[in-house]
Amino acid sequence: MSTKTHTHSLAAPHRGDIQRWTRTFIPTSKEPPADAEAISHKLLVRAGYIRRVGAGIYDYLPLAWRTLQKICAIVREEMNDAGGSEMLMPAMEPIELFAETKRDVDYGDNLFKLTDRHGRITALAPTHEEIITELMKSGVSSYRQLPITLYQIQTKFRDEFRPRSGLLRGREFIMKDAYSFHLTLDGEGGLGETYDAMDRAYSNIFKRCGLDFSRVEAEAGPIGGSASHEFMVNCDAGEDIILRCPETGYAANVEKCETGERAWSFDGEPTGDLEKVHTPNLPGIEEVGKFLKVKPPNMLKTVVFKRHDSGGAGVSPVWILAVVRGDHDVNEGKVKAAAGGPVALADEAEAKAAGFSIGYVSPRVIVGRTDCLLIVDPDAAQGMDAAKGKPMFWATGADEKDYHVKRFNWRREMGDVLNNQSYVKVADVRNAMAGDPSPRAKGATLEEGRGIEVGHIFKLGTKYSEAMGLNVLDPNQDRVPVIMGCYGIGVSRTLQACVEMSHDDDGIIWPGAIAPFHVLITPMKIEPGSELMTAAEQLATDLSHAGIDVLVDDRDERPGVKFKDADLIGIPIRLTVGDKALAEGCVEYKHRGDAGKGEFVKMHDVIDTCVRALTEA
RNA sequence: CGGGGCGUAGCGCAGCUUGGUAGCGCGUUUGACUGGGGGUCAAAAGGUCGUGGGUUCAAAUCCCGCCGCCCCGACCA
């Protein structure tokens with residue numbers, strides 16, 4: 001937890017603002033845009049928060065900007081508490097900086113590039129590891145200057161292959177990125193210490209934003225590095241699949257998730273003679289399975305990988321073949337781990353030239369070859385069908401274009417090579433899924449859910465400092481590479497994740513801490529100088545003095561219109577000023593999300609009631 | 001990158017098959033009535049039909065190119 005106590009609901013930067021609907025820009029609409037799919041995307045557009053400018057590019061209108069600033073304020077408080085200092089780096093960076101770490105290649109087409117009048121190529125920064133490492137090189141030379149943590153909140157650019165769902169995957173988006181620098185991994189001032197502090201800060205941030213989230217183990221991806229955790233908003237609309245063990249709390253991204261021990265054995269009698277079947281033009285397991293009348297769990301899928309470093313002399317084997325059940329997905333990270341070296345999916349043409357009938361490959365293909373390693377997933381390494389207590393029926397490719405085989409039997413088809421560990425291994429090489437044994441608790445099974453990734457923290461180690469030569473002198477006067485960590489939050493994505501999580505049929509329901517305004521005042525009649533308007537104005541002023549941000553719906557609209565819009569934009573508290581309540585010295589007080597019409601509260605109590613409601617939340 | 005679809009008023013859409021006067025709903029403006037959950041009536045403004053070419057007496061409509069956008073899929077063959 002942070003050391004300070006923050007005033008959660010009434011956080012800076014907006015304290016006691018008063019704005020009028022007619023003098024700001026809140027273009028609400030009844031109909032969602034035709035291009036929106038996600039509920040949060042529809043609501044943000046309908047409620048006048050965002051407007052699309054181009055694919056994956058959006059305007060943040062006043063309401064959205066206020067909420068973003070409130071999220072940023074929370075982020076700043078927590079980052080500063082965790083020992084960070086804010087700064088700002090440029091969005092444009094010379095492409096040469098990326099070349100130093102080869103990320104111009106690794107990031108590939110996701111990197112926006114532009115050419116200036118002199119023909120120089122500049123990248124629009126998708127992230128800032130290179131820039132900050134370069135900066136540190138110029139200013140840090142001694143271990144005494146470490147540790148240090150710097151962060152910024154800034155617009156990032158990524159030429160996403162397929163931008164989608166409004167702010168959830170944009171090409172231009174707002175991100176908080178932090179970088180830390182250390183002499184050591186562990187101990188005082190080490191990477192671990194800051195990583196843990198960031199971990200806590202992130203939990204605080206997402207809690208304060210009112211999110212239901214999971215912290216899961218993750219793959220580092222193109223950022224690189226060793227340990228890594230993602231913060232996922234638990235929500236079905238998320239793109240990521242996460243698995244968790246209900247007993248131990250272990251949770252991981254599907255890309256990373258381990259599975260518990262699974263029993264396997266190649267032994268089992270053949271179910272009959274091997275039968276070759278003509279299966280022309282049938283791409284994919286589904287189609288072949290339907291044609292053969294075999295279910296995917298009875299098929300073996302063989303995916304051909306190539307050792308990344310196989311250009312080097314003496315690297316053997318060259319080809320890595322991963323075998324999984326037809327209904328399972330190969331996990332490249334696990335293949336890499338099992339192969340003991342970097343792998344990449346084989347180029348189709350190259351693999352065909354090497355004798356693999358891509359699309360029709362079976363495990364048999366390695367028999368008689370010495371340049372292959374077959375890695376079989378335990379669920380595929382089955383001679384017996386445990387559920388039925390009978391020998392296992394397998395269908396697989398025939399290693400010949402347009403043919404598959406039925407009644408594949410491991411022992412009969414593979415022979416002695418099955419026992420040679422240089423050529424055949426059994427290891428977990430598939431994505432985990434719901435129902436798999438937990439890797440952390442015997443007897444427990446993994447559960448599956450979806451999430452929106454809003455935060456990601458990495459232990460980078462020395463990947464960037466070594467590539468770019470960021471070194472310091474340690475106490476022994478040795479030059480050592482600096483150890484780094486990096487920590488990102490998708491700020492604009494967090495905004496939409498909040499909406500995705502918290503809404504109803506009528507609109508958005510903001511938590512007080514990040515709502516654009518705390519209170520919406522709805523006068524029932526707009527008559528300048530009337531008792532009703534005077535009361536509404538006085539109310540706004542009093543709320544403002546209490547540090548509450550107020551929006552006054554001063555439009556001369558019918559009540560129905562105002563109430564509909566009020567629900568749509570999702571301000572936490574609505575105060576309706578009407579003749580009936582006013583006659584009793586009251587206003588009508590209603591929480592967004594509560595049913596009914598709200599309750600009468602005495603005018604002199606209403607400020608306290610609002611403050612209490614907002615600080616309790 | 002593959003597949004599918006779309007581009008007509010600020011927004012959502014029809015019209016295109018079978019070429020001939022630019023249409024509907026919402027929103028907007030003006031006026032009246034209204035006034036507690038997207039009101040009623042009346043009048044009005046608003047469109048180079050994405051873009052370039054072609055066919056034709058005539059193109060939103062048919063043909064070709066280009067541009068933009070959305071959805072699905074994708075290292076699983």
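Every chain is numbered from 1, with letters handed out A, B, ... down the list of sequences.
A donor-acceptor contact under 3.5 angstrom links the side chains of Gln496(A) and Ser40(A), judged on distance only. With no hydrogens or angles considered, a side-chain donor-acceptor pair links Ser362(A) and Asp399(A) at under 3.5 Å.
G15(B) and C49(B) are spaced 11 Å apart, taking the C1' atom of each and rounding to whole Å. When the P atom is used for both U48(B) and A60(B), the distance is 13 Å, rounded to whole Å. The gap from the C1' atom of A9(B) to that of A22(B) amounts to 10 Å, rounded to the nearest Å. For the P atoms, the distance from G35(B) to A44(B) is 28 Å, rounded to whole Å. Here the separation of C16(B) from C62(B), taken at their P atoms, is 9 Å to the nearest Å. Comparing the P positions of U21(B) and A58(B) gives a spacing of 14 Å, expressed to the nearest Å. For C63(B) and U17(B), the C1' atoms lie 16 Å apart once the distance is rounded to whole Å.
Counting only heavy atoms from C-beta on, Glu31(A) has its side chain closest to G25(B) among C72(B), C69(B), G25(B). When each of G73(B), G12(B), A77(B) is scored by its nearest atom to the side-chain atoms of Ala34(A), the top-ranked nucleotide is G12(B). Among C72(B), G35(B), C26(B), the nucleotide with an atom closest to any side-chain atom of Lys30(A) is C26(B). Distances from the side chain of Lys590(A) to the nucleotides U28(B), G37(B), G73(B) place G37(B) closest. Comparing C70(B), G36(B), G38(B) against the side chain of Asp35(A) picks out C70(B) as the nearest. Closest to the side chain of Arg52(A), from the set C70(B), U28(B), A77(B), is C70(B). Considering only the side chain of Glu588(A), G36(B) comes nearest among G36(B), G38(B), C71(B). Closest approach to the Glu37(A) side chain among C11(B), C71(B), G27(B) is made by C71(B) (side chain taken as heavy atoms from C-beta onward). Across G35(B), A77(B), G38(B), the shortest atom-to-atom separation from the side chain of Lys301(A) is found for A77(B). Across C70(B), C71(B), C1(B), the shortest atom-to-atom separation from the side chain of Phe161(A) is found for C1(B).
Sparse packing is recorded around CD of Glu531(A), with 12 or fewer heavy atoms of other residues, nucleotides or ligands lying under 6.0 Å away.
The residue Val361(A) sits apart from the nucleic acid: no heavy atom pair falls under 4.0 Å. Among the atoms of the strands shown, none is found under 4.0 Å from any heavy atom of Pro27(A). Residue contacts for Arg574(A): at a heavy-atom cut-off of 4.0 Å it reaches a base atom on one of the strands shown. Residue Asp556(A) is classed as a base contact, given a heavy-atom separation below 4.0 Å to a base. Arg325(A) comes within 4.0 angstrom of no nucleic acid atom, judged by non-hydrogen atoms across all strands. Residue Pro523(A) is out of contact with every strand shown, counting any heavy-atom pair closer than 4.0 Å. Counting any heavy atom pair closer than 4.0 Å across all strands shown, Asp565(A) reaches a base atom.
In terms of modelled atom types and a separation under 3.5 Å, the side chain of Arg171(A) and the main chain of Ala55(A) share a donor-acceptor contact. Side-chain atoms of Asn298(A) come within 3.5 Å of backbone N or O of Phe393(A) as a donor-acceptor pair. In this structure, the side chain of Tyr49(A) engages the main chain of Ile569(A) through a donor-acceptor pair within 3.5 Å.
Taking 4.0 Å as the cut-off between side-chain N and carboxylate O, Arg450(A) and Asp236(A) do not count as a salt-bridged pair.
Comparing Phe305(A) and Arg171(A), the nucleotide of RNA chain B nearest to each residue sits closer to the 5' end for Arg171(A). If you find the closest nucleotide of RNA chain B to Glu332(A) and to Gly54(A), the one lying nearer the 5' end belongs to Gly54(A).
Between G39(B) and Arg558(A), a contact under 4.0 Å exists linking OP1 or OP2 to a side-chain N or O.
Using a 90° window around 0 for the glycosidic torsion, U40(B) falls outside it and is classed as anti.
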